[in-house]
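These notes concern the structure reproduced below.
Keep in mind the model is a prediction, meaning the values are calculated, not measured.
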Amino acid sequence: MHKRQFHLKKIFLTIISLIFLIIFINLVIYFAGVNSSKKLSVFRNSQYEIMRIKIYGSSVSKDGNTISGTFSLIDANGNEIAVIERSWNGSYLGVEFCKIKLNGQYFIFPEKIYGKEKVIEQKKDSKRGTKLRKYYTENRECLLLGNDSTKSQRRALYNISLLGIKYLTFLHFHFVEYFTINLSECKTNRYYSITCDKNGNLFVSEI
């Protein structure tokens, strides 16, 4: 009996310790993000391009529909950081973004590209796809700022981006928002640009 109570107490203490650890990690990420946003007080004050797209088209096989395209991630200087060219399961494409508002500024981060069978999105669609974070972060720096930025600024933007990692931020901060840009109206073999304004609004336009 005592042995069982000891094991139950041990399990309880382990769970409590994990909860406190999660809260501690979230608080560290939060304060690092808030302090970092102060270093980027003049982040971007005008509309800028964040992604460039070209959709090749869709195909049908016995394994299901696929749609292919090229996605270029663009830094603050208008240069390509990375190019993702491949196909996704589905007939349409969507791009998920994370929008973080800190100190009156909006910080936009591309999250993932994924395919879907219908124009109207289903929950299962956004659970898969190609994650984009690895393409614009390196050595604890966020490359979206471009080469004109300092290492300290790139580190600051990296700290802010951590607030958007779902498996880290279990507290679900109210200033973090996830949304999807639907690309179903984009025509094949034409270039499109996704731009963002200072209020965090995203626009898709043909180049």
Side-chain angles (χ1 to χ4, degrees), residues 21-22 24-54 69-86 88 93-103 105-115 126-181 183 193-198 200-202:
L21 179 62
I22 290 169
F24 175 75
I25 291 172
N26 276 251
L27 289 175
V28 169
I29 292 172
Y30 168 74
F31 285 112
V34 171
N35 290 331
S36 294
S37 67
K38 296 174 182 176
K39 298 178 182 179
L40 298 172
S41 57
V42 198
F43 179 50
R44 285 164 171 164
N45 294 318
S46 58
Q47 190 162 314
Y48 60 93
E49 185 177 26
I50 195 168
M51 185 177 286
R52 206 168 292 151
I53 303 160
K54 184 179 183 181
T70 296
F71 291 76
S72 300
L73 300 179
I74 310 299
D75 68 16
N77 299 324
N79 299 318
E80 290 183 345
I81 301 172
V83 179
I84 300 99
E85 183 175 7
R86 51 160 293 179
W88 291 265
L93 288 171
V95 186
E96 183 182 82
F97 289 86
C98 174
K99 177 164 67 174
I100 301 172
K101 184 180 180 181
L102 290 172
N103 289 319
Q105 291 191 96
Y106 292 92
F107 302 91
I108 305 295
F109 301 96
E111 286 291 307
K112 61 184 167 184
I113 304 163
Y114 58 92
S126 60
K127 291 181 180 179
R128 57 193 182 191
T130 303
K131 295 182 179 180
L132 301 175
R133 180 180 173 79
K134 62 183 178 182
Y135 293 103
Y136 60 82
T137 57
E138 184 178 85
N139 299 324
R140 297 184 61 82
E141 296 179 25
C142 184
L143 307 179
L144 292 174
L145 279 180
N147 294 328
D148 288 350
S149 60
T150 65
K151 185 174 182 178
S152 176
Q153 290 173 323
R154 293 192 295 272
R155 282 275 177 95
L157 192 58
Y158 175 86
N159 290 336
I160 294 169
S161 74
L162 292 178
L163 290 163
I165 299 181
K166 294 177 182 179
Y167 64 83
L168 282 179
T169 53
F170 292 98
L171 295 183
H172 301 293
F173 300 115
H174 69 280
F175 49 81
V176 178
E177 178 187 352
Y178 302 93
F179 59 95
T180 296
I181 296 296
L183 302 178
S193 175
I194 297 181
T195 55
C196 178
D197 66 14
K198 63 179 181 180
N201 301 309
L202 268 67

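- The aromatic rings of Trp88 and Phe71 stand perpendicular to each other, their planes meeting at an angle above 60°, with 30° marking the opposite boundary.
- With values rounded to the nearest 0.5 angstrom, Glu96 atom CD is found 9.5 Å from Phe179 atom CZ.
- The OH atom of Tyr30 lies 14.5 Å from the CG atom of Asn159; values are rounded to the nearest 0.5 Å.
- Of all heavy-atom pairs spanning Gly146 and Asp75, the tightest one is CA-OD2, 3.5 Å.
- The closest side-chain heavy-atom distance from Glu111 to Leu132 is not below 4.5 Å.
- Side-chain atoms of Thr195 and Glu49, non-hydrogen and from C-beta on, do get closer than 4.5 Å to each other.
- Leu163 has its side chain out of reach of Cys98: every pair of non-hydrogen atoms, C-beta onward, lies at least 4.5 Å apart.
- Residues Gly164 and Ile100 come closest through the heavy atom pair N-CD1, 3.9 Å.
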side-chain contact (heavy atoms from CB on, under 4.5 Å) for Cys142 and Phe109? Distances and angles first, verdict last. CA-CA 10 Å; Cys142 184; Phe109 301 96; 4.1 Å; yes
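- Counting heavy atoms from C-beta outward, Tyr114 and Thr180 have side chains that approach closer than 4.5 Å.
- Within 6.0 Å of atom NZ in Lys54, more than 12 heavy atoms from other residues, nucleotides or ligands are found, so the atom counts as buried in its surroundings.
- Between Ile84 and Leu73 there is a side-chain heavy-atom pair separated by less than 4.5 Å.
- Atoms CG and NZ, on Asn201 and Lys99 in that order, are 5.5 Å from each other to the nearest 0.5 Å.
- Remark: Arg86 CZ is packed, more than 12 non-hydrogen atoms of other residues, nucleotides or ligands lying under 6.0 Å away.
- Counting only heavy atoms from C-beta outward, the side chains of Val95 and Leu93 never approach each other to under 4.5 Å.
- When every heavy atom of Arg140 is checked against every heavy atom of Arg155, the shortest pair comes out as O-CD, 2.9 Å.
- Here the closest non-hydrogen pair linking Ile160 and Gly33 is CG1-O, 3.6 Å.
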Point to revise | From CA spacing to verdict: side-chain contact (heavy atoms from CB on, under 4.5 Å), Val83, Thr70 | key: CA-CA 7 Å; Val83 179; Thr70 296; 3.4 Å; yes
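- In terms of heavy atoms, Cys196 sits closest to Gly200 at SG-CA, 3.9 Å.
- Residue Tyr158 holds its OH atom at 5.0 Å from CZ of Arg133, rounded to the nearest 0.5 Å.
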_Checking Glu80 against Ile74 for the side-chain contact (heavy atoms from CB on, under 4.5 Å) test, could you report, in this order, the C-alpha distance in whole Å, the side-chain angles of both residues, the deciding distance, and whether it holds?_
CA-CA 5 Å; Glu80 290 183 345; Ile74 310 299; 4.0 Å; yes
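- The heavy-atom pair separating Ser149 from Arg154 by the smallest distance is O-NH1, 2.7 Å.
- Side-chain contact between Ile108 and Tyr48: present, with at least one pair of heavy atoms (C-beta onward) separated by less than 4.5 Å.
- To the nearest 0.5 Å, atoms NZ (Lys151) and CG (Asn139) are separated by 7.5 Å.
- The line from CG of Asn77 to CG of Asp148 is 4.0 Å long, rounded to the nearest 0.5 Å.
- Leu145 places a side-chain heavy atom less than 4.5 Å from the side chain of Leu40.
- Under a 3.5 Å cut-off, the side chain of Tyr136 and the backbone N or O of Pro110 do form a donor-acceptor pair.
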